Every structure is written in structure tokens, then in C-alpha cells.
> 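Quick one: structure below, then a few questions.
All values below come from the heavy atoms of this structure, side chains included, with hydrogens, waters and symmetry mates left out. Just so it is clear, the structure is predicted and the values come from calculations on it, not from any experiment.
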Amino acid sequence: MELLAREPKYLLQLSKELNVSQQAILKHINLLMRVGLIRAYEVKMGSLGPSRKYYELARPISLSINMLKGYSEIEFHDFVDEVPDHLKEALKFVEREVLSERLYEALSEVKSVIQVIDKELQEIRAKERALLSAKCKLLSLVQEALERLKVPLLERRRILESLLS
């Protein structure tokens, strides 16, 4: 998916870049297409050549995977077309510059806004990791207590699942 996020690719490209068989790639592509994460389109390669099937991301998504002892979560989120208030002016400036064909003049502003965004994302992710660590410690404490009390496995699972729902 990372390769397809950069640019559309055809099956042989993906196979070569990932050093994985075309059959294995196709299996994953079909699964990703069924869940709507990627889509395919064909491009005719000249008047005599065969067409090539390209694959690309169907839409921008955020994928979050957290694997902790005794707990895991996988979340998909579609991006919304929303910009935080403190970045709206900078975005408008860049948009005006690009529309007026002054892209190169706007690149330094683009870079500085990206740096601000990256710094904020790092802070958010650090907080998320700390919160997940606390969650993991809580679940581990409960799990250890349940084991010490010799609570049957099915009951332990039910209790832990009830804490997470």
C-alpha cells in the first residue's frame, strides 16, 4: 500500500519492487480491492501493445495498528477535508501562490507548514504511545490478578473483552 500511495503501479512493478511473486501480490490486491482500499484501471500501451492494469489507492486513509501484550487494535479512518484553524491562512497563501503559477516561491512556505504539522503529529503520537502504555499496564494488572485468582480462561477473556468494549 505504501508503494501505491506514492504512485499507481502495475502488477509486475509491484512484484519486482517487493521481490514477491505476482500471484502473492495479486492475492493481496484482490483483498484490498474487495474492502475498497485500492482500485484498478487499464492503460492502453500504444496501438499494438497490450493494455496494462494499474493499481492505486482508492482514497486517502489513515491506518493505525497497535499491538500490545494482551491487547491489539487496528483502525482505518478516512480523511476528512478539514484543516485546523491555525493552518488555514498558510494553506490559503500557498493555494493563491500555486494558482498564480508562483509554485517555486511558495515551496519554502510549504516546507515550513509541513514542519509545523510534523512537529504537532510527533507530539500527538507521543501522547498516544503514553496512553496506550497506560492502557496496556492496566490490562496486564487485571490479567495477572485474574490468573492469580485462578479465574477460568473463558471468564478471563469475557472480563477483558468487557473492559475493552
Side-chain angles (χ1 to χ4, degrees), residues 1-41 53-92 94-95 109-165:
M1 285 189 65
E2 183 180 350
L3 292 174
L4 298 179
R6 291 187 194 139
E7 65 181 340
K9 304 264 185 191
Y10 54 92
L11 185 59
L12 184 59
Q13 282 179 305
L14 290 167
S15 178
K16 284 182 179 179
E17 289 183 38
L18 294 170
N19 198 25
V20 176
S21 74
Q22 289 184 45
Q23 183 179 7
I25 298 283
L26 198 53
K27 179 179 176 181
H28 288 87
I29 282 175
N30 288 331
L31 173 66
L32 294 169
M33 286 179 67
R34 275 197 308 274
V35 296
L37 295 177
I38 64 172
R39 64 177 166 231
Y41 63 92
K53 188 181 248 184
Y54 281 83
Y55 301 94
E56 66 182 358
L57 288 183
R59 63 189 190 277
I61 62 160
S62 171
L63 173 62
S64 176
I65 302 172
N66 296 305
M67 306 295 266
L68 309 166
K69 184 180 178 187
Y71 172 72
S72 66
E73 64 184 14
I74 300 173
E75 297 178 355
F76 287 93
H77 297 283
D78 286 312
F79 281 93
V80 291
D81 194 14
E82 190 176 302
V83 175
D85 289 338
H86 68 286
L87 296 173
K88 285 182 179 174
E89 275 306 309
L91 212 63
K92 285 180 186 174
V94 169
E95 192 173 12
E109 179 68 15
V110 170
K111 184 173 182 160
S112 97
V113 172
I114 288 173
Q115 288 171 337
V116 167
I117 292 169
D118 285 344
K119 184 177 186 294
E120 287 184 38
L121 286 170
Q122 286 173 351
E123 292 167 1
I124 290 167
R125 288 178 180 136
K127 184 172 182 174
E128 180 184 35
R129 286 189 300 274
L131 290 168
L132 286 167
S133 178
K135 187 177 187 177
C136 183
K137 286 178 185 174
L138 285 169
L139 292 171
S140 289
L141 288 170
V142 170
Q143 182 136 4
E144 289 169 13
L146 292 170
E147 288 171 4
R148 255 193 333 273
L149 294 170
K150 298 188 184 336
V151 174
L153 180 62
L154 290 175
E155 180 66 12
R156 276 186 278 165
R157 285 184 185 159
R158 189 193 62 72
I159 290 169
L160 290 170
E161 287 174 11
S162 73
L163 292 172
L164 296 170
S165 61

> Compare all side-chain heavy atoms of L32 with those of Y55 and state whether any distance is below 4.5 angstrom.
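Sidechains of Y55 and L32: no contact.
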
> Determine, for R6 against E2, whether the closest basic-nitrogen to carboxylate-oxygen distance falls under 4.0 angstrom.
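E2 and R6: salt-bridged.
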
> As an exercise, state the distance from CD of E7 to CG of L57, rounded to the nearest 0.5 Å.
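The distance works out to 11.5 Å.
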
> Is a donor on one side and an acceptor on the other found under 3.5 Å between the side chain of Q122 and the backbone of K119?
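Checked: no pair found.
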
> Can you check side chain to side chain contact (heavy atoms under 4.5 Å, CB included) on I25 and L11, steps first, answer last?
CA-CA 7 Å; I25 298 283; L11 185 59; 3.4 Å; yes

> Taking C-beta and beyond as the side chain, do L91 and V113 meet within less than 4.5 Å on heavy atoms?
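No, side chains not in contact.
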
> Is it the case that over 12 heavy atoms from other parts of the model lie below 6.0 angstrom from the CD atom of E89?
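Not buried by this count: 12 neighbours or fewer within 6.0 Å.
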
> CG of L37 to CG of L31: how many Å apart, nearest 0.5 Å?
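If I round to the nearest 0.5 Å, the distance is 8.5 Å.
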
> Between L87 and D85, does a side chain to side chain contact (heavy atoms under 4.5 Å, CB included) hold up when you go through it step by step?
CA-CA 5 Å; L87 296 173; D85 289 338; over 6 Å; no

> At what distance, to the nearest 0.5 angstrom, does CG of L132 lie from CG of L139?
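Here the interatomic distance stands at 10.5 Å.
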
> Can K137 and S133 be said to form a side chain to side chain contact (heavy atoms under 4.5 Å, CB included), step by step?
CA-CA 6 Å; K137 286 178 185 174; S133 178; 3.9 Å; yes

> Any idea which heavy atoms bring S15 and S21 closest together, and the distance?
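Closest heavy-atom pair between S15 and S21: OG-C, 3.8 Å.
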
> Within a strict 4.5 Å, meaning less than it, do heavy atoms of the K9 and E56 side chains meet?
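Heavy-atom side-chain distance check fails, nothing below 4.5 Å.
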
> Find out whether L131 and K135 are in side-chain contact, i.e. whether some heavy atom of one side chain is under 4.5 Å from a heavy atom of the other.
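L131 vs K135: side chains apart.
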
> Which value, rounded to the nearest 0.5 Å, describes the distance between R158 atom CZ and L153 atom CG?
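Rounded to the nearest 0.5 Å, the CZ-CG separation comes to 13.0 Å.
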
> With N66 as reference, evaluate E73, E75, R129 under the side-chain hydrogen bond (donor to acceptor under 3.5 Å, both in side chains) test and give the passing residue.
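It is E73; the other options fail the test.
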
> Can you name the closest pair of heavy atoms from F79 and S62 and give their distance?
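Scanning both residues, the minimum pair turns out to be CE1-N, 3.6 Å.
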
> Is any side-chain heavy atom of S64 closer than 4.5 Å to one of E128?
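Result yes, sub-4.5 Å side-chain heavy-atom pair found.
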
> Under the side chain to side chain contact (heavy atoms under 4.5 Å, CB included) rule, collect the residues that match up with L154, sequence neighbours excluded.
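By the side chain to side chain contact (heavy atoms under 4.5 Å, CB included) rule, L154 matches R157.
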
> Is any side-chain heavy atom of L14 closer than 4.5 Å to a side-chain heavy atom of I29?
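Yes, at least one pair of side-chain atoms sits under 4.5 Å.
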
> Within a strict 4.5 Å, meaning less than it, do heavy atoms of the I61 and H77 side chains meet?
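No, too far: nothing below the 4.5 Å cut-off.
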
> So, R59 side chain and G36 main chain: donor-acceptor pair closer than 3.5 Å or not?
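Such a contact is found between R59 side chain and G36 backbone.
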
> Compare every heavy atom of M67 with every heavy atom of S72, then report the nearest pair and how far apart it is.
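Shortest heavy-atom separation between S72 and M67 comes out as CB-SD, 3.4 Å.
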
> Roughly how far, to the nearest 0.5 Å, is CZ of R156 from CG of L149?
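Atom-to-atom, L149:CG and R156:CZ are 10.5 Å apart.
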
> Evaluate whether atom CD of E147 has more than 12 neighbouring non-hydrogen atoms of other residues, nucleotides or ligands under 6.0 angstrom away.
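Yes, because the 6.0 Å sphere around CD of E147 holds more than 12 heavy atoms from other groups.
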
> With rounding to the nearest 0.5 angstrom, report the CG to CD1 distance, L164 to I159.
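One finds 12.0 Å between CG of L164 and CD1 of I159.
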
> Would you call P8 and Y41 a side-chain contact if the rule is heavy atoms closer than 4.5 Å?
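Yes, close enough: below the 4.5 Å cut-off.
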
> Tell me, with the steps shown, if L63 and I74 meet side chain to side chain contact (heavy atoms under 4.5 Å, CB included).
CA-CA 7 Å; L63 173 62; I74 300 173; 4.0 Å; yes

